[in-house]
Amino acid sequence: MTSSFEPSLSTSGMRPPLTSADAPSMADSLPSINFGFEDLRNRMAQFTARFDAFIEKGRKQILEERNQFKIGLAELQEDQRMKQRDIEILNLKSQTHDQTIQKEAAEAAEMHSTISSVKMERDSRLAKRDRLRQQINETQKAISQKMEAQKAHAQHLDAQARLNMPELEFWQDYLCLRIEGAGREDRLKFVFSHLLEKDWEAEAWFELGTSSRDYEVFHTRPKVDRDALNGVLDNLNEDRDFVAFLKRMRRLLVETMK
């Protein structure tokens, strides 16, 4: 809304009087000026309001962006903390995994060592088993050969005994002799009777060892002279005449009893 400018003071009092009362003045010849102060004030007020709204909007936007930045920064810090925690967990798992691998490697090495020891022991036992089998086979062969030899020898002795039995019975009757066991497989006891005319019931005996090729007398009753006994044994071991030996022993016992 505009209003025309009207000066409060008339310019007619400031100009010289016209020479003529009907002549026009210079103020009347000037154009009228309208400054529009109200419009300017309104426009400035609108600008101020828009500027204040812009500032407020900018301030709010800045606050929101700052808050968003803080929230994002907090989230980044939280993500970083979580990632750091994940890294620590991964490092711990890595250390545990490395320790597990080292432990498994040590256990594997120990297992391989144990397997090698078991294989060596198995090979040693197999070799020992083979040696024992060979020794058993050789022993069985030797036993079989010895059994065959003993069987042949027993057959020979049996045949010889059948031949010698009549002769042995003759000499037992002739020498008043009986043969008994001496409590051991390798000894025989020879008992003589009818040695003294005054005492036909009196007996004398000796124990003969047969474990080796050379015969040996261990005990006698009565006790005879050792030198004489050794002489009788030397004759037996030299000529292998057992009948003559029995005769000599009977004679030696009779001499000792007398």
Side-chain angles (χ1 to χ4, degrees), residues 83-169 172 177-191 205-221 226 229-246 249:
K83 291 184 182 298
Q84 184 67 29
R85 182 179 178 185
D86 293 339
I87 292 172
E88 292 176 356
I89 293 174
L90 289 175
N91 289 331
L92 181 60
K93 289 182 178 180
S94 177
Q95 294 176 1
T96 304
H97 182 66
D98 292 338
Q99 293 176 358
T100 303
I101 291 176
Q102 293 177 359
K103 183 178 179 180
E104 290 178 353
E107 291 177 353
E110 184 179 0
M111 186 178 296
H112 286 303
S113 177
T114 304
I115 291 173
S116 299
S117 300
V118 171
K119 286 183 178 179
M120 291 177 61
E121 185 177 358
R122 182 199 64 184
D123 295 339
S124 176
R125 290 188 176 182
L126 289 176
K128 186 177 181 180
R129 183 197 65 184
D130 294 338
R131 290 195 303 269
L132 288 175
R133 284 182 176 177
Q134 184 178 1
Q135 292 177 1
I136 289 171
N137 292 332
E138 293 176 353
T139 304
Q140 288 178 347
K141 289 180 181 179
I143 290 173
S144 298
Q145 293 175 358
K146 185 176 288 185
M147 289 179 65
E148 291 294 333
Q150 289 179 352
K151 184 177 179 181
H153 183 65
Q155 292 175 354
H156 174 72
L157 291 178
D158 186 56
Q160 187 67 32
R162 286 196 298 268
L163 294 175
N164 293 334
M165 187 61 66
E167 183 178 0
L168 179 60
E169 293 177 353
Q172 286 179 344
L177 171 67
R178 72 176 184 273
I179 302 174
E180 299 176 352
R184 294 182 56 175
E185 294 181 356
D186 58 350
R187 292 186 187 183
L188 291 174
K189 183 176 182 181
F190 295 86
V191 182
W205 54 266
F206 69 91
E207 290 182 3
L208 181 68
T210 60
S211 60
S212 61
R213 183 182 182 282
D214 292 339
Y215 294 102
E216 185 177 0
V217 174
F218 291 98
H219 302 287
T220 64
R221 181 181 294 176
R226 194 65 194 178
L229 179 61
N230 289 335
V232 173
L233 285 173
D234 291 340
N235 291 330
L236 172 62
N237 292 325
E238 183 177 354
D239 57 23
R240 315 301 292 182
D241 188 349
F242 201 76
V243 175
F245 167 71
L246 291 176
M249 285 301 299

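Below 30°, between 30° and 60°, or above 60°: for F190 and F206 the angle between ring planes is below 30°, a parallel geometry.
With hydrogens and angles disregarded, no donor-acceptor distance shorter than 3.5 Å links the side chain of S124 to the backbone of M120.
In this structure, OG in S117 is found 12.5 Å from CZ in R122, a value given to the nearest 0.5 Å. Separating the CD1 atom in I87 from the CD atom in Q84 is a distance of 5.0 Å, to the nearest 0.5 Å. Note that the CG atom of L236 and the CE atom of M249 stand 10.0 Å from one another [nearest 0.5 Å]. Considering CD of Q140 and CD of E138, their distance stands at 11.0 Å, rounded to 0.5 Å. The distance from the CG atom of L246 to the CD1 atom of I179 is 7.5 Å, given to the nearest 0.5 Å. Atom CG of N91 and atom OG1 of T96 lie 10.5 Å apart (nearest 0.5 Å).
Partners of K128 by side chain to side chain contact (heavy atoms under 4.5 Å, CB included), not counting sequence neighbours, listed by chain and number: R131, L132. Under the salt bridge (Lys or Arg N to Asp or Glu O under 4.0 Å) criterion, E180 pairs with R178, not counting sequence neighbours. Residues meeting the side chain to side chain contact (heavy atoms under 4.5 Å, CB included) test with R226, sequence neighbours left out: L229, N230. Applying the side chain to side chain donor-acceptor pair (under 3.5 Å) test to E121 and every residue at least two apart in sequence or in another chain returns R125. For the side chain to side chain contact (heavy atoms under 4.5 Å, CB included) test, residues two or more places apart in sequence or in another chain that qualify with T114 are E110, V118. Listed by chain and residue number, M111, K119 satisfy the side chain to side chain contact (heavy atoms under 4.5 Å, CB included) test with I115 (two or more places apart in sequence, or in another chain).
Within the structure, the salt bridge (Lys or Arg N to Asp or Glu O under 4.0 Å) test picks out no pair touching residues 84-107 (sequence neighbours left out). Each side-chain hydrogen bond (donor to acceptor under 3.5 Å, both in side chains) pair with one or both residues in residues 232-241, not counting sequence neighbours, would appear here, but there are none.
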Enumerate donor-acceptor pairs with a distance under 3.5 Å from any side-chain N or O in residues 209-220 to protein atoms, sequence neighbours excluded.
residue: T210; atom: OG1; partner: D186; partner atom: O; Å: 3.2
residue: S212; atom: OG; partner: D214; partner atom: O; Å: 2.9
residue: T220; atom: OG1; partner: P222; partner atom: O; Å: 3.1
residue: T220; atom: OG1; partner: V224; partner atom: N; Å: 3.4

